[in-house]
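For the numbers below, each heavy atom of this structure counts, side chains included, while hydrogens, waters and symmetry mates do not.
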Amino acid sequence: MGTAEQMTRGELRQPYIEIMDCTLRDGEQTSGVSFLPHEKLMIARTLLNEVNVDRIEVSSARISDGEKDAVKMVCRYAESIGKLDRVEVLGFVDGGKSVEWIYDCGGRVVNLLAKGSLRHCQQQLGKTTEEHIADILQCVDEAGRLGMEVNLYLEDWSNGMLDSKEYVYQMMDTLSKTSIKRFMLPDTLGIMHPLQCIEFMRKMIKRYPEKHFDFHAHNDYDLAVSNSLAAVLSGCKGIHVTVNGLGERCGNAPLASVQVILKDHFHARTNIREDKLNAISRLVEGYSGIAIAHNVPIVGENVFTQVAGVHADGDHKDNLYCNRLAPERFGRKREYALGKNSGKANIAKNLEELGLELTPEQTKKVTERITELGDRKELVTQEDLPYIVSDVLKHSVPEDKVRLLSYMVCTSYGLKPLASIKVEINGQEYAADSTGDGQYDAFVKALRKIYKDYLNRTFPILANYTVSIPPGGRTDALVQTIITWNNNGKVIRTRGLDADQTEAAIKATFKMLNIFEDEFNNQKHHTL
């Protein structure tokens, strides 16, 4: 048998799993999260075009006029790129009102929310099973009249299977004969463990083998990912996720984690572009205001950072401490932390990346200095390394090409803060004034003006800005400002330390400017 034929048969054995992202609907039910219409559009565009999820659920019907505008905006965009059938809206069993609301928004797929447990049907709706089925059929018929596709949620399905299995089967026996395309099985209260999920999903698939089942997990017991994978193992064809695991209470199954485990451990096929997972994570983090923990798998700040020196040593010799989760796979890179646990191997890795060559004795002295800083709980970044090297080796600090000569920032009630600055760049003095939304913002805008008007050069983009008291510090002591910059795709972090927050940010800014100025001058020299 030829290689091509072997590959084709291998691909056929790999199950294809649909990924439906619910960030814009279930994710927005996270406490304190509310997306503006244009934010919903930007997230939807990224999910559909870049991350390439199969489907997105963008809202619940009949919430508000503002939400209707958002759904219309997303639907118009999706239709313009031929992907309207991948946009879904949650609708309710309400006599067809939700179906009509979704249709008016331009939506053509309704995810109808029905009751998946007898308790919910009787106690929340106050209806018999037969009455509830009749109401569902009315909504399905209305959607069919309008040419819309219907998927059906069986809300609280997990409790239904635990307490009222015959109710679930009675619902399915009737509804499986309709035009409903997908039956979506939620663990609404996050109560199941993986063995239960396997048992219940297999019973559904055995009884209704021709039907498409999705699984929708909640994370109350921290089992959303495990249950999602158990559902796939049992023959489920679709999984619901949210970016960063957003969702009500403890959230839903996170997109990034589900994707990599499906691929690496289950050898399942999806359409997800893994190199875009970090970008969508950061986009949703910014819009939601919910920060990602630094140790969250795949997208956390620290997950591709080796701290122990022995790890850096092993990686240097033969990538001994790397696994299949290579950072490049997700558009990221591996880093080696600088601190008291670094060791010579970590230092050497960072020096190598910066192009700095030291003797073993010099490397030892730099390592001792970084260890000393780590003992004091100071954060050391790669961009600090050249300055530490210069200090330790008793060389003069490299002459700054960009120097702050003088500046004044002021703020008054009712007026925007004003900054007036004078700087020296490669021996030439420049001055500028600007206003901004804050003192530091005004300062940076004045700098941008100098780079644009006098140097005809772009100014690095400020990607992230954090202010903290140095670990172990006191509230009346030093302030630490860490700024992340992006200059034509190159990202660096610089740190400033001062008693004044604005002054700390300015120090971090000029450290960045000198790093990029050195690179600019080197490139200019090589060009000449």
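- Ring centers of Y153 and H240: under 6.0 Å apart, within the cut-off.
- H120 contributes no side-chain N or O that, together with a main-chain N or O of E155, makes up a donor-acceptor pair within less than 3.5 Å.
- Taken from CZ in R493 to CG in N464, the straight-line distance is 9.5 Å, to the nearest 0.5 Å.
- Under a 4.0 Å N-O distance rule, the pair R62/D94 qualifies as a salt bridge.
- Residues passing the side chain to side chain donor-acceptor pair (under 3.5 Å) test with Y77 are N49, sequence neighbours excluded.
- For Q138, there are no side chain to side chain donor-acceptor pair (under 3.5 Å) partners at least two apart in sequence or on another chain.
- When atom types are taken as modelled, the side chain of K83 and the backbone of L48 share a donor-acceptor pair closer than 3.5 angstrom.
- Every salt bridge (Lys or Arg N to Asp or Glu O under 4.0 Å) that K127 has, sequence neighbours left out, goes to D135.
- A salt bridge is absent between K97 and E100; no separation between the charged side-chain nitrogens and carboxylate oxygens falls under 4.0 Å.
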Review point. Are H132 and Y167 close enough, and set up right, to give a side chain to side chain contact (heavy atoms under 4.5 Å, CB included), and what steps lead you there?
Key: CA-CA 11 Å; H132 187 36; Y167 166 83; 3.6 Å; yes

Check your understanding: Are K68 and D104 close enough, and set up right, to give a side chain to side chain contact (heavy atoms under 4.5 Å, CB included), and what steps lead you there?
Key -> CA-CA 9 Å; K68 192 168 191 176; D104 288 343; 4.0 Å; yes

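- Within the 3.5 Å criterion, the main-chain N or O of R269 finds no donor-acceptor partner in the side chain of Q14.
- When the shell of 6.0 Å around CZ of R119 is examined, it contains 12 or fewer heavy atoms from other residues, nucleotides or ligands.
- Between E67 and S60 the shortest heavy-atom distance is CG-O, 4.4 Å.
- Side-chain atoms of R55 never come within 3.5 Å of backbone atoms of I19 as a donor-acceptor pair (strictly under, hydrogens ignored).
- Other residues, nucleotides and ligands contribute only 12 or fewer heavy atoms inside 6.0 Å of the OH atom of Y221.
- Ion pair K181/D85 not flagged as a salt bridge, since none of the NZ, NE, NH1 or NH2 atoms sits closer than 4.0 Å to an Asp/Glu carboxylate oxygen.
- Residues L223 and M192 are not in side-chain contact: their nearest non-hydrogen atoms beyond the backbone lie 4.5 Å or more apart.
- Taking CG of L154 as the reference point, atom SG of C121 lies at 11.5 Å (rounded to 0.5 Å).
- Looking at L233, D187, I239 one by one, the single match for side-chain contact (heavy atoms from CB on, under 4.5 Å) with S228 turns out to be I239.
- R145 has no carboxylate O lying under 4.0 Å from a charged side-chain N of D141, or vice versa, which leaves the two without a salt bridge.
- Qualifying side chain to side chain donor-acceptor pair (under 3.5 Å) partners for R273, counting only residues two or more places apart in sequence or in other chains: D275.
- Residues K237 and D214 share a closest heavy-atom pair of C-OD1, 4.4 Å.
- Applying the ring-ring contact (aromatic ring centres under 6.0 Å, His included) criterion to F200, with sequence neighbours excluded, gives no partner residue.
- Closest non-hydrogen pair, F459 versus L447, comes out as CE1-CB, 3.8 Å.
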**Study point:** Residues D437, K416; criterion salt bridge (Lys or Arg N to Asp or Glu O under 4.0 Å); working and verdict
**Key:** CA-CA 6 Å; D437 294 328; K416 281 195 169 187; 3.4 Å; yes

Practice item. Output, in order, the C-alpha distance, side-chain angles, deciding distance and verdict of side chain to side chain contact (heavy atoms under 4.5 Å, CB included) for M172 and R207. Key: CA-CA 10 Å; M172 284 295 304; R207 189 176 176 108; over 6 Å; no

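- Distance alone, capped at 3.5 Å, is enough to place a donor-acceptor pair between the N219 side chain and the A224 backbone.
- The CD atom of E88 sits 14.0 Å away from atom CZ of R108, with the distance rounded to the nearest 0.5 Å.
- Applying the salt bridge (Lys or Arg N to Asp or Glu O under 4.0 Å) test between E57 and each of R86, R25, R182 identifies R25 as the sole match.
- With no hydrogens or angles considered, no side-chain donor-acceptor pair links Y440 and T481 at under 3.5 Å.
- Under the 30°/60° scheme for interplanar angles, the aromatic rings of F183 and F213 are found to be tilted.
- Of the possible polar contacts, none joining the K449 side chain to the S434 backbone as a donor-acceptor pair under 3.5 Å is found.
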Contacts under 3.5 angstrom, residues 243-260 side chains, donor-acceptor by atom type, not counting sequence neighbours:
| from | atom 1 | to | atom 2 | distance (Å) |
| --- | --- | --- | --- | --- |
| N244 | OD1 | S281 | OG | 2.6 |
| N244 | ND2 | S281 | O | 3.1 |
| E248 | OE1 | Q29 | NE2 | 2.9 |
| R249 | NE | D220 | OD2 | 2.7 |
| R249 | NH2 | T188 | O | 2.9 |
| R249 | NH2 | D220 | OD1 | 2.9 |
| N252 | ND2 | D26 | OD2 | 2.9 |
| N252 | ND2 | H216 | NE2 | 3.4 |
| Q259 | OE1 | T270 | OG1 | 2.7 |
| Q259 | NE2 | T270 | OG1 | 3.4 |
| Q259 | NE2 | E274 | OE2 | 3.1 |

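- From Q196, atom CD reaches atom CE of M201 across 13.0 Å, with rounding to the nearest 0.5 Å.
- Nearest heavy-atom pair across T494 and A508 is OG1-O, 2.8 Å.
- To the nearest 0.5 Å, atoms CD (E149) and CD1 (I180) are separated by 11.5 Å.
- Counting only distance, with no hydrogens or angles, the side chain of Q439 and the backbone of T411 share no donor-acceptor pair below 3.5 Å.
- Annotation: L125, atom CG; neighbour count of heavy atoms from other residues, nucleotides and ligands within 6.0 Å is above 12.
- At least one donor-acceptor pair closer than 3.5 Å links the side chain of K40 to the backbone N or O of V58.
- Nearest heavy atoms, V74 versus A44: CG1-CB, 3.9 Å.
- The residues E79 and R76 are annotated as not salt-bridged, no charged nitrogen and carboxylate oxygen being separated by less than 4.0 angstrom.
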Practice item. Please lay out, stage by stage, how L262 and L229 fare under the test side chain to side chain contact (heavy atoms under 4.5 Å, CB included). Key: CA-CA 7 Å; L262 279 177; L229 299 170; 3.7 Å; yes

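- Counting all heavy atoms, side chain and backbone alike, S59 lies closest to I63 at OG-CD1, 4.3 Å.
- By the 4.5 Å heavy-atom criterion applied to side chains, T509 and W485 are counted as neighbours.
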